[in-house]
Structure formats: structure tokens, C-alpha cells
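Shown next, in C-alpha cells, is the structure this report addresses.
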Amino acid sequence: MEALTDIATLEDIKLLVDTFYGNVQKNELIGPIFNSRLAGRWEMHLEKMYTFWQTVLLNKHTYFGSPFPPHARMPIEKQHFDTWLSLWRNVIDQHFKGEVADEAKWRGDKMAELFMAKIDYYKTSSATPLS
């Protein structure tokens, strides 16, 4: 078995994103949510995720946008985030090891925590998320 290396290149980001979202699409809990929202647009979403994670993990500013608004009114709960995080961590642990890999897991945890809090807020508020 080949020794695991850290996330260091755009190719690493693509491996992470492609493997992760391949698993998401097949997951019985969150797959239907993603597949219904991204039907016919998966390639565009993956491209956006490459730039997002390249910006976040490799400090190469290629992502421009607001990641939260598309999620603001989605019918998702803690169990969905727990599943997302489990898939995320498993893909990282399967393919990578190092500081950036650890940061990717930490960032995933923080993003899920923040998104969950904001989604809960918007469920009970008439406010509209900023785009």
C-alpha cells in the first residue's frame, strides 16, 4: 500500500472532492437531497468545490462566492451534517495524511457547525440570507 501524503495540489483537491461527492451521491440519507438539487449540474458544482477547497486549504484564491445561501432553506438537520462529516473525514483519512488533511477535517467540522446554526436560525426567522 502506498504511503499517504498531505493535500498539496489542485489534483489532490480534485481527488478529495470527486471521491467525497461520489460517496455523497450514493449515500441513502444525503444523496437524494444533493442529487435532486444538482441534477444535470454536478459537473458545475464539482468545479465550484475545487475552487472553494483550493482557496480554503491551499491559499490559492480561486473561489469567489458565498457558500451558505444555497443551503439556507434546505430541509437538513443534524443527522444530515453528521453523515456529511463522516463521509468527509473518511475520504480524507483514506487518501491523505498531514497538516492540511487535518485542517480539512477541522474546516469541515467548523463549516457544518456554522451552517447548522444558520439553518436553524433561518427556519424560525423571516430574514433572508445575504447572497
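Since we're looking at a predicted model, the values are computed, not measured.
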Among Asp18, Val24, Asn23, exactly one meets side-chain contact (heavy atoms from CB on, under 4.5 Å) together with Phe20. Which residue is that?
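In the set Asp18, Val24, Asn23, the residue that makes a side-chain contact (heavy atoms from CB on, under 4.5 Å) with Phe20 is Val24.
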
With sequence neighbours excluded, give me every salt bridge (Lys or Arg N to Asp or Glu O under 4.0 Å) pair touching residues 107-119.
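Pairs touching residues 107-119 that pass the test: Arg89-Asp109, Glu103-Arg107, Lys110-Glu113.
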
May I ask you to test the [X]-[Y] pair for a side-chain heavy-atom distance under 4.5 Å?
X: Phe81; Y: Ile119; result: yes
X: Asn90; Y: Ser86; result: yes
X: Asp93; Y: Lys105; result: yes
X: Trp53; Y: Val56; result: yes
X: Asn35; Y: Trp42; result: yes

Give a yes or no on whether Lys48 atom NZ has more than 12 heavy-atom contacts from other residues, nucleotides or ligands under 6.0 Å away.
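No.
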
About how many Å separate [atom2] of [Y] and [atom1] of [X], when rounded to the nearest 0.5 Å?
X: Thr5; Y: Lys97; atom1: OG1; atom2: NZ; value: 11.5 Å
X: Thr51; Y: Leu10; atom1: OG1; atom2: CG; value: 9.5 Å
X: Leu57; Y: Leu16; atom1: CG; atom2: CG; value: 7.5 Å
X: Leu114; Y: Phe68; atom1: CG; atom2: CZ; value: 7.5 Å
X: Thr55; Y: Ile13; atom1: OG1; atom2: CD1; value: 9.0 Å
X: Thr83; Y: Leu29; atom1: OG1; atom2: CG; value: 4.5 Å

Test: ring-ring contact (aromatic ring centres under 6.0 Å, His included). Region: residues 90-112. Which pairs qualify, not counting sequence neighbours?
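Every candidate ring-ring contact (aromatic ring centres under 6.0 Å, His included) pair involving residues 90-112 fails, so no pair, neighbours aside, qualifies.
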
Minimum heavy-atom distance between [X] and [Y], given as atom pair plus value:
X: Arg37; Y: Arg41; value: O-NH2, 2.7 Å
X: Pro75; Y: Ile33; value: O-CD1, 4.2 Å
X: Thr62; Y: Gln54; value: OG1-OE1, 2.8 Å
X: Ile7; Y: Ala104; value: CD1-CB, 4.1 Å

Walk me through whether Asp12 and Leu58 qualify under side-chain contact (heavy atoms from CB on, under 4.5 Å).
CA-CA 10 Å; Asp12 294 336; Leu58 302 181; over 6 Å; no

Residues in ring-ring contact (aromatic ring centres under 6.0 Å, His included) with Phe52, at least two apart?
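Once residues adjacent in sequence are excluded, the partners of Phe52 under the ring-ring contact (aromatic ring centres under 6.0 Å, His included) criterion are Tyr63.
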
